[in-house]
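Note that this is a predicted model, so its numbers are computed, not measured.
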Amino acid sequence: MSSQPQHEFSCPFCSRKLKNCSGLTQHISSTHSGPCTNEQTVQKARVCEDSPPPMGHELLLCTRNNHTILDDMFGNNLLPGTQPTPQNGPDKNDWYPFTSRVKFETAEFLFTTSQMPQSHVDRLMQLWTASVLHHNEWAPFVDHVDLHQVINTIPHGDIPWKSFQVKYAGKIPECNVHGWMSKGYDIWFWDPNAVVKTLLGNPDFHKHFNYVPYHEFEPTGQRHWENFISGNWAWHHADILAKDPAMHGAMLVPIILGSDKTTVSVATGQNDYYPLYLSIGNIHNNTHQAHCNSVVLLTFLTIPKSIEDTAEFRKFRCQLFHTTLAHILSSLRDGMSKPEVQQCPDGHFRCTAYALAAYIAEYPEQVLLSCLIQGWCPICTSMSNNLDGHDSVLQSHQHVEFCICAFILVELWDQYSVVGNLMPFTNDFPHADIYKMLTPDLLHQIIKGVFKDHLVTWIGKYLKITHGEAEANWILDDINQRIAAIPLYPNLQHFPEGWRFKQWTGDDSKALMKVSCTPGMVHAVSAFLDFCYYAQRNSLDETALGNLGEALQCFHHHHCVFQETGVRDNGPKGFLLPWQHSMNHYQHLIQEFGAPNGLCSSITESKHIKAVKQLWRCSNRFEALVNFKSCSMLKGSILSATMEESDILHHGDIGLDNDNDSEGSHTAPHHERPSSKLQLCKYPSSLDALACHVQHPNLPLLTCHFLHSQLHNDTSQSAVNVALPDLSDSPVSVFCSTISTFYTPSDLSGLGGMHLECILLKKAGPAHYDTVFLEQDPDIPGMGGLHIGRVFLFFSFTYDDIKYNPCALIQWFSNVSDGPDKDTGMWVVQPDYDANGQQELEVVHIHSILHGAHLIPVYGHTHLPTDIQYTNSLDVFQAYYVNKYIDHHTFEIAF
C-alpha cells in the first residue's frame, strides 16, 4: 500500500492525538462522555469533524514545485491578490431570443427534458392555441419548426456549428466507380478555439483549475501524481515553450481529445458518424469524473463504408479521419506558437499557449490514430510476435519518420507495422507527437479487455478442457447460484437469478473463482484485480506505483497457468494480446499524464447520453444541440416567478415546494464533513418490548453495559461487580437505516470526493442486516485496527434526561487468521458465538462504524443447496471473505 500523509486530530479534552476523525469521535465517546457533559461532548466532537478530509492529499504538508519559467500566474503587469475586472453578465430578465421566461422554459421542457417528437410538439402547440385563443392569445410557438428556429438563434452559451465537406481527391477510374469515390462527406463541428475559450472562462472551474505545471512531493520526499498537469508531459512541454522568450509567463493549456463510437447513428439514419470530445488538462481530475461540463462535444466524425473493402478504400478511410481532425483543430495552431490572451476561471486574463497533449481512445482507434497495424503496440516498438519482449523502446514521431525515409512500404508494413502512405493529423501541429499522446484506457483495455474478454473467457475454457462440456456446465450453474447468493451491498447490482460465468463482475469474481479454479488462476486474477485498483486510484505516489508494478509482475508470473492447463498456446505466442501488453506502460503513462481516472474512456462514454443521444434524437439539425442552463440562471419555478411578480407569494396564499434540481448522491460539496443521517421507524418504545420485537432478549442488558461504559469510562468491569443503571422506563427510538457520508475520491463522488452509502436494516419480508467496518484502534493500519460487525438495530434512548443518540446492536465477526488468505489476498472472518452457542452481541456507539463492509461466503467445494439465497447467506456459512474489491475505499483500508 502507498504511504499517505498522516493527519493528526487533537482531542479537545485531553492531550491525545488521533490519526482520523473516526478515531477522535470514538475516543471522545468512550473517554469524555460523562452524564453532565454528554451534550457538550457530542457538540464538540461534531465541531472537530466539520473540517473535511484533505482532497487526495494535504497541500499544507506537500511541497509543490512550479515550473520556473511558466510560474507567472498573473502575467507581468498584475500583482498577486489583484482582483479581476468585473464582467457584465446577462440580465436575469433577458430571455432573448425568447420574449418571456414562459417561452424559454417551454422550449427547454420540450427540447431537453421531455425530448418530445416533432409531431407531438405540433399537436401540443395546436391544443395550447385552441385553449387560449378566445383570450386573443397564442401558444409560445407555432410548431416544431418555429421552436427550432428560435433555439438556433440563442446567442449565449453554446457555440454555433460549422461544417465543411470532404471528398475523395484521387484518380477516379472511367468505369466501375465506387460510391465512396464520388460521395461527399459532411462534417459538422464546433470551433475548438471557441470551445477552449469557453472552458477557460467558466467560473465554475475556479478552485478546480491548475495554472502552471508542477511537481508535487509528500513529506516523505515521494513524488505524487494526481491531476494531468502534475505529470511529466506538462513539465517537459513547458521546457520546450521556455526556449521561446515570447512564451515566458504564458499559461500552458494542454488540449485533451477523445473519440468513442456510439449508437447515435440509429437516430440520424447514418451509421458513419461518431463523436469527438475535447477538454483541457488544467481542469482537475475529480471535475472530469464529476461530469461538470468539463468535457465538450466537438464534432461528429465520419467513417465511410463500402461493400468493396479494398486496400484503396481502407487507405481513404484512414486518411479521411486524419485529414478531418487536422482541419477541425486548425484554429488552435496559431495559439501553439504565439500566446493568445484568454480569460481564466478566476476572472483574470492571461497569455495562453495551446498544445495537443493527450488522446483518449480504445485500442482499435489507437491503431488508427498512430497509422500502425492491428496487433502491434502503438506506444512502443515491440514486435507483434513478441509483445512482451524486453528489447523495445517507446515509439515516437522521429522514429517513424526515420523508418519511412529508410525503408520501402513493404518493409515498413512487415517489420515496423508502419503504414507508410498515411500521415497522422499531428504532423500539422508544432511539438505534437501522436505516439506520446495516447493515454491508458481503464475501461476498454483493462476492465472490458483483459478481465471480461480474456480472463473470464479463459477460465470458462479451462473448465471445459478439464471437466468436459457437461460437467463444466454443471459447475457454471453452481457458480451461477453462488453469485445469486452473494449478500446485498449499496451500489452493487444484484442478480437474484444469477448470471452466467462470462458476466461476472470484478467486485465478486475473485473469491468465487477459487471454488472451481486452480490456485494459480486465483493468484493471477488476484494480482490483476490489485493492478486494477491501484491504477484507478485518484492519486498515486512512488510507493503506489511500485505496488502497481509488483501486481503486474505477479500477474505475469501466475498467468502462465493458462498455458500449463492448455487454455493458451505455449511460448510468447500464447499472450500476443495488445490489451494485456498495454498494462506494461501504465507506470510510465501515469508519470506522464497523472492518475488514469481523469483520462478514461468511461468519461467520454458518459457524455454520450446527455451530450449526444438525447439531444440528437430531438432534432436532425446540428444547430439544435444547445445547453439551456448555460443561457441564464434559473431560480425556483416559472410558477413561483409568476406568482412573485403578482405579489401572491408575499401574501402567503399558496405554499410551494422548492423546485431546485438535485445533483444526486455523489456530488456532495467538498466542505461537507463525513456524517450519518438516520431514518426513523415505528417500533416499540421501551427496551423490553423492543427486545421481544427484534428477538434479541439480551438487548436491555447490553444497553445497560453500554450506558455504564459511557457514564464511568470503564469497560473492564464484569457484570457481576457492576451496578447497572435502570433503563426499564427509558423511551427508545429505532431507526431503519443510516446514510453515511465519507471521503473516498477514488470512488464515484463529487468534486469534494464525498460519497454517500446507505446501511440498511430490513425486518419486513426477507430480513436484511448489513455488515460494517468498526474501528477498534485507529493507530493500527489495515484490518489490524478494524473489526467486522453485522448491524441488527439502530436505536437511541434517554437516561436521566440525556439522550444517547444513536447506538447500534452489533454481532461481532473475528479474523480467522493473523493475515489475509494467501490465495485471494482477502481477509477471512467468522461470526462470534458465546459459550451457549448464541450470537456474540454488543451495543456500540454509531461513531465507531466507518462504513459498510461486504462479505462473500466461503462456499467450500460442495454443491450449493438451492435453499441458500442472498437473504440468508450471512446466517448459514462458517466463514466469509472480506471483499476488499467492493469499492476503492475498502481496498485502501482492508489490507
Beyond-backbone contact of [X] with [Y], side-chain heavy atoms, under 4.5 angstrom:
X	Y	result
His215	Asn232	yes
Asp530	Leu548	no
His237	Leu252	yes
Leu589	Ile379	yes
Gln536	Pro596	no
Val400	Gln395	yes
Thr426	Asp433	no
Leu372	Val419	no

In this structure, CD1 of Ile187 is separated from OG1 of Thr324 (nearest 0.5 Å) by 4.5 Å

Pair [X] and [Y], ring centroids less than 6.0 Å apart:
X	Y	answer
Trp188	Phe300	no
Phe593	Trp235	no
Phe313	His178	no
Phe555	Phe531	no
His888	Tyr533	yes

In terms of ring plane angle, is the pair [X] and [Y] parallel, tilted or perpendicular, where the classes change at 30° and 60°?
X	Y	answer
Phe425	Phe429	perpendicular
His284	His208	perpendicular
His558	His523	parallel
Tyr168	Phe316	perpendicular
Phe189	Phe164	perpendicular

List the steps and the verdict of ring pair (Phe, Tyr, Trp, His ring centres under 6.0 Å) for Trp458 and Phe451. CA-CA 10 Å; Trp458 294 353; Phe451 178 72; over 10 Å; no

Among side-chain atoms of [X] and [Y], is any donor-acceptor pair under 3.5 angstrom?
X	Y	value
Asp186	Gln165	yes
Asn584	Asp388	yes
Asp441	His444	yes
Asp428	His327	no
Tyr354	Asn193	yes

How about Met181: does its CE atom have over 12 heavy atoms from other parts shown lying under 6.0 Å from it? yes

Could you report the tightest heavy-atom contact between [X] and [Y], atom names first, then the distance?
X	Y	value
Lys315	Leu422	O-CD2, 3.7 Å
Leu412	Gly420	CD1-CA, 3.9 Å
Gln445	Ser582	OE1-OG, 3.4 Å

Mind checking side chain to side chain donor-acceptor pair (under 3.5 Å) for Ser331 and listing every partner two or more places apart, or none if nothing turns up? Asp191

For Gln580, give me all partners under side chain to side chain donor-acceptor pair (under 3.5 Å), at least two apart in sequence or on another chain. His454

Evaluate Asp239 against His67 for side chain to side chain donor-acceptor pair (under 3.5 Å), listing each step before the verdict. CA-CA 8 Å; Asp239 288 339; His67 195 276; 2.7 Å; yes

